[in-house]
Every structure is written in structure tokens, then in C-alpha cells.
J.: 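Got a structure here, written out as C-alpha cells. Questions coming.
Bear in mind the structure is a predicted one, so any value in this text is a computation, not a measurement.
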Amino acid sequence: MRTRPFAQVNVFSTDPVLGNPVAVVVDGSGLTDAEMRRFASWTNLSETTFLLEPTTPEADYRVRIFTPTGEYPFAGHPTLGSAHAWLEAGGRPRAADRIVQECGAGLVTVREDGGRWAFAGPPLTRYERPDDGALDRAAAALRIDRGDVLDASWLVNGPDWLGLRLASAEQVLAIRPDPALMDGLKLGVVGPLDPDPADPAAPAFEVRALKGAGQEDPATGSLNAGVARWLMDTGVAPERYVAAQGTALGRAGRVHVCAADGEIWVGGATTTVVGGTVAL
């Protein structure tokens, strides 16, 4: 056991307590898988990350991303929070204009976009319309009519998200999932808002990330990366927009999305709320 630098970073909100927190152990060297899992379970946050030396000269650091019960190859708000904590702890990128993160899904580029950090969404490893059985199960779990789903797609880039598009943000916010039917599901639900055209920061879509028995993410980078690709490919979304998330939880997540250089970039504000050391 030794003392290691630690940060808890708020992601996707300019208000320090209205985004999505991630715990970052800035120096995870020497920790076993079991020790990482145990600490992630102890924090009881949706994700805890451990920063390590990269295994490839192309990367600035390597990250492992743990939930209280398992490990993800990639996740969005942990990517932004980890990059923020790494820089704040004195990390120096190899390139002046970007950070390259190594994770289980490969190399992920993080760059500045309008004063925020943004990551390039990894390729979708599953991107297809679900079969009728999966759609019926999802609609039943959300307690909505199957006919309310205007479109649906698997959006897998790490977590196994199934995206569902509804006609309005009001319908999205009205959802009250059935916890007994949500077990094992990860459902991303999106519906349009009516943004003020004079305000470029006004949200154009409301997003909810519902998973497991009664769990909901306040702001989710991996889901929004997949949703953006899907909405842009189907002509529903422009090449730059803001999504609101966490409204149903009393949060104020704002996810900034744009298509550029052949990539989907997903960004948001990051703030260290808790800083110090941890004994591990």
C-alpha cells in the first residue's frame, strides 16, 4: 500500500455538482486487477479509472476503466475526466494539439474544442437495427408503446447501448422504467428539443441513459458518441449540436457534439471537485 495522487472530476457540466463524477487514481502502477476492482467498488461511482504507463509510444498514458462490478474497454466521461486529471497532475502530451489515450478499445484522441476537452468516438463495433424481440423487450422495460419508437439501433463502442429515438424530449423525460424488466439492459433514449437558434449552447436533444434495475447515468460520453453517429447518418441531427442529459435526475449535463475530420467529437466541461491522495 502506498499514497497515490487522486482526483474526483465532474464531467459534462459547468456546475461542479450537476454533471457526472469519475474517480481517477492518477498513478495506478503496481495495482493488481483485484485491487482496482475493490477500489472501484468502494468508490461506488459509475466508473473509476486508473492511469498507467502506455504500452505504445503513440500514447501519452494508458487508462483502465472499472465499474463497481466490472471493466469497460472504453467509456466517455471517464476519458475526459482522466485526461483532465492527468494534465492537472503535470502530464505533458507528446503533441501540442492533442492527448492520445490508450484504453481497452485502442487509442483515443482527446483535443480542445471551444475551451472544452473532446474525445473522438471509437468506431461502433455493433451498429444495426435490433430485431423485434430486442425492441419489444426494450419498450416493455421502458413502459412505452412499441409504436412510440420512431427508430432504433445498436450503438456499441464499449458498453452495449441500444438507442431508441422518440418524437419529443417530453416523451423521453416522461419515461419511468420497470426495474424488474431493466436487468441486463443498457438503453439510450433520445428525443428532440426546440432550441433557440440564437443560442449555440442551447440543447437540441434530450438524452437518457438507462441501465440495469433502476440505474440512470447523468451524462454519458460513450452513448452520446454513438447517438451522434446514428442521428447524423440518418439525417436527424446537424453536424454540430448540444445534448442535454441528467434532467430527470436533477442534473444539468451538457454534451457538445460535432463531426469533423471524419470523426465524431464529444466534449464537455471538466472540473476537479475532490483532489488529494488515496492509500492503495
J.: Would you say the side chains of Gln245 and Asn224 form a donor-acceptor pair under 3.5 Å?
T.: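 The criterion, which ignores hydrogens and geometry beyond distance, is satisfied for Asn224 and Gln245.
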J.: Can you list the steps and then say if Arg64 with Glu71 is a salt bridge (Lys or Arg N to Asp or Glu O under 4.0 Å)?
T.: CA-CA 8 Å; Arg64 295 187 67 181; Glu71 184 175 6; 2.9 Å; yes
J.: Mark yes or no for whether Asp131, through its side chain, and Ala134, through its backbone, hold a donor-acceptor pair below 3.5 Å.
T.: yes
J.: Does Asn10 reach the main-chain N or O of Val273 with its side chain, forming a donor-acceptor pair under 3.5 Å?
T.: no
J.: I need the Leu210 CG to Leu223 CG distance, nearest 0.5 Å.
T.: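 CG of Leu223 is found 9.5 Å from CG of Leu210.
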J.: Using a strict threshold of under 4.0 Å (side-chain N to carboxylate O), is an ion pair present between Glu216 and Arg208?
T.: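 A salt bridge links Arg208 with Glu216.
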J.: Are more than 12 heavy atoms, taken from residues, nucleotides or ligands other than Arg98, located less than 6.0 Å from that residue's CZ atom?
T.: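 No.
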J.: Would the distance check show the side chain of Thr67 and the main-chain N or O of Gly70 forming a donor-acceptor pair, the cut-off being under 3.5 Å?
T.: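 Between the backbone of Gly70 and the side chain of Thr67 there is a qualifying donor-acceptor contact (under 3.5 Å).
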J.: Using only heavy-atom distances, determine whether the side chains of Gln101 and Ser82 contain a donor-acceptor pair under 3.5 Å.
T.: no
J.: Report yes or no: does His256 contribute a side-chain atom to a donor-acceptor pair with the main-chain N or O of Val266 at less than 3.5 Å?
T.: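 Judged by distance alone, no pair lies under 3.5 Å.
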J.: Rounded to the nearest 0.5 Å, what separation is found between the CD atom of Glu206 and the OG1 atom of Thr247?
T.: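 Result: 3.5 Å between the selected atoms.
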J.: Using only heavy-atom distances, determine whether the side chains of Asn157 and Tyr127 contain a donor-acceptor pair under 3.5 Å.
T.: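 Side chains of Asn157 and Tyr127: no pair found under 3.5 Å.
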J.: Under the criterion salt bridge (charged side-chain N to carboxylate O under 4.0 Å, His left out), which of Asp183, Asp217, Asp160 is the partner of Lys211?
T.: Asp217
J.: Please determine whether a side-chain nitrogen of the Lys or Arg among Arg146 and Asp132 lies less than 4.0 Å from a carboxylate oxygen of the Asp or Glu.
T.: yes
J.: Below 30° counts as parallel, above 60° as perpendicular, anything between as tilted: where do the rings of Phe6 and Phe39 land?
T.: perpendicular
J.: Distance from Glu47 atom CD to Ile65 atom CD1, nearest 0.5 Å?
T.: 7.5 Å
J.: One thing to verify: whether Arg240 and Asp113 come together as a salt bridge, which I'm taking to mean a side-chain N less than 4.0 angstrom from a carboxylate O.
T.: yes
J.: Counting only heavy atoms not in Glu35, do more than 12 fall under 6.0 Å of its CD?
T.: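 Correct, the count exceeds 12.
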J.: Is it the case that the side chains of Arg38 and Thr32 hold a donor-acceptor pair, with the cut-off being a distance below 3.5 Å and no angle test?
T.: no
J.: Distance-only, no hydrogens or angles: does the Arg254 side chain make a donor-acceptor pair with backbone N or O of Ala201 under 3.5 Å?
T.: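 Looks like no, no N/O pair under 3.5 Å.
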J.: Please answer whether the main-chain N or O of His84 pairs with a side-chain N or O of Glu88 as donor and acceptor at a distance below 3.5 Å.
T.: no
J.: Side chain to side chain donor-acceptor pair (under 3.5 Å), that's the test. Do Arg37 and Thr48 meet it? Break it down for me.
T.: CA-CA 9 Å; Arg37 289 192 187 98; Thr48 298; over 6 Å; no
J.: Looking just at side-chain N and O atoms, do Glu102 and Thr55 make a donor-acceptor pair shorter than 3.5 Å?
T.: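 Per modelled atom types, Glu102 and Thr55 side chains form a pair under 3.5 Å.
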J.: Between OG1 of Thr79 and CZ of Phe119, what distance do you get to the nearest 0.5 Å?
T.: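 It is 6.0 Å, given to the nearest 0.5 Å.
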J.: Decide yes or no for Tyr241 and Phe205: does some side-chain heavy atom of the first lie under 4.5 Å from some side-chain heavy atom of the second?
T.: yes
J.: Keeping the roles fixed (side chain from Asp60, backbone from Val100), state whether a donor-acceptor pair exists under 3.5 Å.
T.: yes
J.: Would Phe50 and Tyr61 count as a ring pair (Phe, Tyr, Trp, His ring centres under 6.0 Å) if you check the C-alpha gap in whole Å, the side-chain angles of each, and the deciding distance to 0.1 Å?
T.: CA-CA 10 Å; Phe50 301 85; Tyr61 63 85; over 10 Å; no
J.: Can you check whether Gly191's main-chain N or O pairs, donor with acceptor, with Ser168's side chain at less than 3.5 Å?
T.: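 A pair under 3.5 Å: no.
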J.: Check Asp15 with Arg251, please: is the shortest side-chain N to carboxylate O separation under 4.0 Å?
T.: no
J.: Report yes or no: does Arg94 contribute a side-chain atom to a donor-acceptor pair with the main-chain N or O of Ala59 at less than 3.5 Å?
T.: yes
J.: Are any side-chain N or O atoms of Arg4 and backbone N or O atoms of Met1, one a donor and one an acceptor, separated by less than 3.5 Å?
T.: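 It does not hold such a pair.
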J.: Can you see whether Trp265 has Arg111 sitting over its ring - NZ or CZ less than 6.0 Å from the centre and within 45° of the normal?
T.: yes
